[in-house]
Amino acid sequence: MTQNQLQFQPGLSLSSFLNDYGTEVQCETALEKSRWPKGYICPACKSRSHCIVWHGKVKTFQCNLCHAQVTLTSGTIFHATKLSLVKWFQAMYFMTQTKNNIYALELKRLIGVCYHTSWRVKHTLAQVMSEREETTILSGRVEVDDASFHKKFTAAF
Ligand SMILES: [Zn+2]
């Protein structure tokens with residue numbers, strides 16, 4: 001009997017996910033690498049020369065040329081939310097691990113937030129996933145991967 005390749009595609013186990021994205025620092029590092037794979041680029045003048053400025057606990061990238069300041073989350077769906085990146089990543093993980101729709105109530109229990117937060121996170125992520133799929137379809141690329149955590153949310157970063 002042949003295996004359906006879609007059903008048996010490699011996924012990201014919960015233990016692997018927790019190993020790779022279990023801490024805020026790991027999530028920040030992943031987000032930074034995803035946003036600027038070749039290192040920070042100033043969105044205003046495209047310079048790579050920068051320094052790090054701390055505003056309390058908030059890490060800010062400051063351009064050495066134009067002095068524009070950008071936080072890691074600015075311009076992303078994570079910006080100006082009080083929810084930690086760890087919780088956002090957990091929500092992304094659980095939403096990509098099932099073919100079926102996950103209920104906000106279920107997500108609330110899984111990531112340990114209130115229902116209102118869970119509902120907002122779920123709908124924000126669903127919107128990103130939907131836009132990502134529309135872009136993929138419009139660009140003519142066909143991706144059959146629904147289980148991949150990384151592919152789903154690169155648009156969010
Ligand atoms: Zn600049």
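Whatever order the structure lists them in is the order used to number ligands and atoms, beginning at 1. What you see is a predicted model, and the numbers here were worked out from it, not measured in a lab.
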Query raised in the report: Backbone N or O of Leu65 within a donor-acceptor pair of the Ser47 side chain at under 3.5 Å?
Result: no

Query raised in the report: Between the side chain of Gln26 and the main-chain N/O of Thr23, is any donor-acceptor distance below 3.5 Å?
Result: yes

Query raised in the report: When clusters are formed by joining ILVMFWY residues with side-chain heavy atoms under 4.5 Å apart, either directly or through shared neighbours, do Leu14 and Ile102 land in the same one?
Result: yes

Requested in this report: Kindly assign one of parallel, tilted or perpendicular to the pair Tyr40 and Phe61, based on the angle between their ring planes and the thresholds 30° and 60°.
Outcome: parallel

**Report entry** Distance filter under 2.8 Å, centred on the Zn ion (ligand 1) - protein N, O or S atoms that pass it
**Finding:** Cys42 SG, Cys45 SG, Cys63 SG, Cys66 SG

Query raised in the report: Just checking, any donor-acceptor pair under 3.5 angstrom between side chains of Trp88 and Thr124?
Result: no

Query raised in the report: Residues two or more places apart in sequence or in another chain: which of them pass salt bridge (Lys or Arg N to Asp or Glu O under 4.0 Å) with Lys33?
Result: none

